[in-house]
Number of protein chains: 2
Amino acid sequence: MTAATPALPARQRILDTACRLFYGEGLRATGIDRIIAESGVAKMSFYRHFPSKNDLILAFLQLRHEAWMARFTAAVETASATRPGLAALADALGNWFSDADYRGCAFINAVAESGVPATPEVGAIAAGHKAELRDWIAAYAGRCDLREPHQAADEAMLVVEGMIVRFQMTRDAAIPAHGRRLLELIAAAHRG
Amino acid sequence: MTAATPALPARQRILDTACRLFYGEGLRATGIDRIIAESGVAKMSFYRHFPSKNDLILAFLQLRHEAWMARFTAAVETASATRPGLAALADALGNWFSDADYRGCAFINAVAESGVPATPEVGAIAAGHKAELRDWIAAYAGRCDLREPHQAADEAMLVVEGMIVRFQMTRDAAIPAHGRRLLELIAAAHRG
DNA sequence: GCGTTGACAGACAGACCTGTCTACATAAGA
DNA sequence: TCTTATGTAGACAGGTCTGTCTGTCAACGC
């Protein structure tokens, strides 16, 4: 607990605060000063760990990607025990939607905030996140014995993104059910 | 052409520039000064027509809503001549995607940019836009002789939003085809 | 002719935002 | 003991943003 992984409290506090504010209020709307104040850190400590705001944004997206993927895949595995197949994706998303601070996908929001063209680094991280999710779903579809798991994943991704955005816009509790039905349609089409 | 609808050139130029910049670069990223400069208008002329930036944003969203709905519904009607049924929605979206300046849905982007809770007015306009789109699709599904057109519309909305966001993130030319297939699956499920 | 209206030009204030800088405290290791 | 790394506190510069203000000009209806 000494040299191998310093795990500095200051850096961690900055990152925690950044995750909360960047996700909850947006990248551009969140000022450095606010992150510094709410993480109880000195300005120079901040700039020692993150030379610029952009570096912090990139670190936030990277962290968010790993945390989200871990949570989502675990939720799918859990849900697939009681509801096997692609429909488990809808249950995993429904679990996420019940978060009090749900505000959609951090990567979609980040790209939506970026102008055209999106900040190259932000766009690349977001594209990488979505590609990894798609690949994971393709592998999961393969495990579910679906034919053409890659095409199934492409179609399921449309439903997944649709659910995420639509719940962000409407907060309609029926969305997981609609998504589940669609995913079952996809699964049936790739099974028979 | 005098008193009934003044149709002032200054106001129109401001609105045109605002539509282009707000959509292309984002609400927050676009400053008043830039809109004023690019529309070739005096600052006081701007503030005479729009008392604050927020008023301009609201006017932009309202205009965008009307223009987008008109274009989308017309494109669906056109597409449905050669490809009847829900799948025409995918063709209409594909037509939109081919715009050089495509940057996703202005309303999704606006909500993504707003913190939590989204600026109430922006959130309300965005929700209204999506509700109107959903209702239009439900009516269209009814015209296509689908049973339970409202449920079909709820499911189709998931696909529509998924296509919009996914094309924004990936620029994958195969997305209209994936969406078309999903919409045909929905239609088949609501027909048989 | 004259006043009103709408438009143009650009200075200005005040807030906020990013990033730099000085100064000092603490603790571990050479 | 002295250096180095890490931390706190807060002033500061330079930029950008929104919104206000002064002043000038042209067109049009009375």
Side-chain angles (χ1 to χ4, degrees), chain A residues 1-61 109-110 113-115 119-122, chain B residues 1-61 109-110 113-115 119-122:
Chain A
M1 200 174 288
T2 51
T5 53
L8 313 165
R11 187 175 212 278
Q12 202 55 47
R13 267 179 295 158
I14 293 168
L15 225 30
D16 288 350
T17 307
C19 283
R20 180 168 50 83
L21 294 180
F22 280 155
Y23 177 69
E25 318 212 349
L27 267 25
R28 218 178 181 102
T30 303
I32 288 294
D33 281 349
R34 177 130 180 250
I35 291 173
I36 287 168
E38 294 203 18
S39 57
V41 121
K43 207 155 193 178
M44 276 316 286
S45 302
F46 172 86
Y47 277 102
R48 189 196 318 285
H49 293 289
F50 303 97
S52 76
K53 181 182 180 179
N54 202 48
D55 290 293
L56 179 62
I57 289 175
L58 267 25
F60 152 68
L61 289 175
N109 292 347
E113 258 193 272
S114 311
T119 317
E121 299 149 307
V122 170
Chain B
M1 201 174 285
T2 52
T5 52
L8 313 165
R11 186 174 212 277
Q12 201 55 48
R13 267 181 295 158
I14 293 168
L15 225 30
D16 288 349
T17 307
C19 282
R20 181 169 48 85
L21 294 179
F22 279 156
Y23 177 69
E25 317 212 350
L27 268 23
R28 218 179 181 101
T30 304
I32 288 295
D33 281 349
R34 178 131 179 249
I35 292 173
I36 286 169
E38 294 203 17
S39 57
V41 121
K43 206 154 193 178
M44 277 316 286
S45 303
F46 173 86
Y47 278 102
R48 187 195 319 285
H49 292 290
F50 303 98
S52 75
K53 180 181 183 180
N54 202 49
D55 291 292
L56 179 63
I57 289 175
L58 266 28
F60 153 67
L61 290 175
N109 292 348
E113 261 193 88
S114 312
T119 317
E121 300 150 307
V122 170

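Note that the coordinates shown come from a computational prediction; the quantities given were computed from them, not determined experimentally. The sequence lines fix the lettering, A, B, ..., with proteins before strands; numbering per chain opens at 1.
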Over all atoms of both residues, closest heavy-atom pair of A/Leu58 and A/Glu121: CD2-OE2, 3.7 Å
Residue pair B/Lys53 / B/Leu27: nearest heavy atoms and the distance that separates them: NZ-O, 3.1 Å
Nearest-0.5 Å distance, NE2 of residue B/His49 to CD1 of residue B/Ile14: 5.5 Å
Nearest-0.5 Å distance that lies between atom OG1 in A/Thr30 and atom OH in A/Tyr23: 13.0 Å
Phosphate contact (C/dC8 OP1 or OP2) by B/Ser45 side-chain N/O below 4.0 Å: yes
Residue-phosphate contact under 4.0 Å: A/His49 side-chain N/O, D/dT6 OP1/OP2: no
Distance, rounded to the nearest Å, where [X] contributes [atom1] and [N] contributes [atom2]:
X: B/Arg13; N: C/dA7; atom1: CZ; atom2: P; result: 8 Å
X: B/Met44; N: C/dA11; atom1: CE; atom2: C1'; result: 13 Å
X: A/Ile36; N: C/dT20; atom1: CD1; atom2: C1'; result: 12 Å
X: B/Phe46; N: D/dC21; atom1: CZ; atom2: C1'; result: 17 Å
X: B/Ile57; N: D/dC17; atom1: CD1; atom2: P; result: 14 Å
X: A/Ile14; N: D/dT6; atom1: CD1; atom2: P; result: 13 Å
X: A/Arg11; N: D/dT8; atom1: CZ; atom2: P; result: 15 Å
X: B/Ile35; N: D/dG19; atom1: CD1; atom2: P; result: 11 Å

Where protein sits on nucleotides 24-29 of chain C, one letter per nucleotide: B base, S sugar-phosphate only, - none, heavy atoms under 4.0 Å: ------
Residue list, salt bridge (charged side-chain N to carboxylate O under 4.0 Å, His left out) with A/Arg48, at least two apart or on another chain: none
Steps toward side-chain contact (heavy atoms from CB on, under 4.5 Å) verdict (B/Val122, B/Glu113): CA-CA 10 Å; B/Val122 170; B/Glu113 261 193 88; over 6 Å; no
A/Arg48 (side chain) and D/dA5 (base): donor-acceptor pair under 3.5 Å: no
Stepwise side-chain contact (heavy atoms from CB on, under 4.5 Å) check, A/Tyr47 with A/Ile32: CA-CA 10 Å; A/Tyr47 277 102; A/Ile32 288 294; 4.0 Å; yes
Expected rows: protein N/O vs nucleotides 13-18 of chain C N/O, under 3.5 Å:
| unit_1 | atom_1 | unit_2 | atom_2 | d |
| --- | --- | --- | --- | --- |
| C/dT18 | OP1 | A/Lys53 | NZ | 2.8 |
| C/dT18 | OP2 | A/Ile32 | N | 2.5 |

Check: A/Leu15 and A/Phe50 side chains under 4.5 Å, non-hydrogen atoms: yes
Working for side-chain contact (heavy atoms from CB on, under 4.5 Å), residues A/Thr17 and A/Arg20: CA-CA 5 Å; A/Thr17 307; A/Arg20 180 168 50 83; 3.6 Å; yes
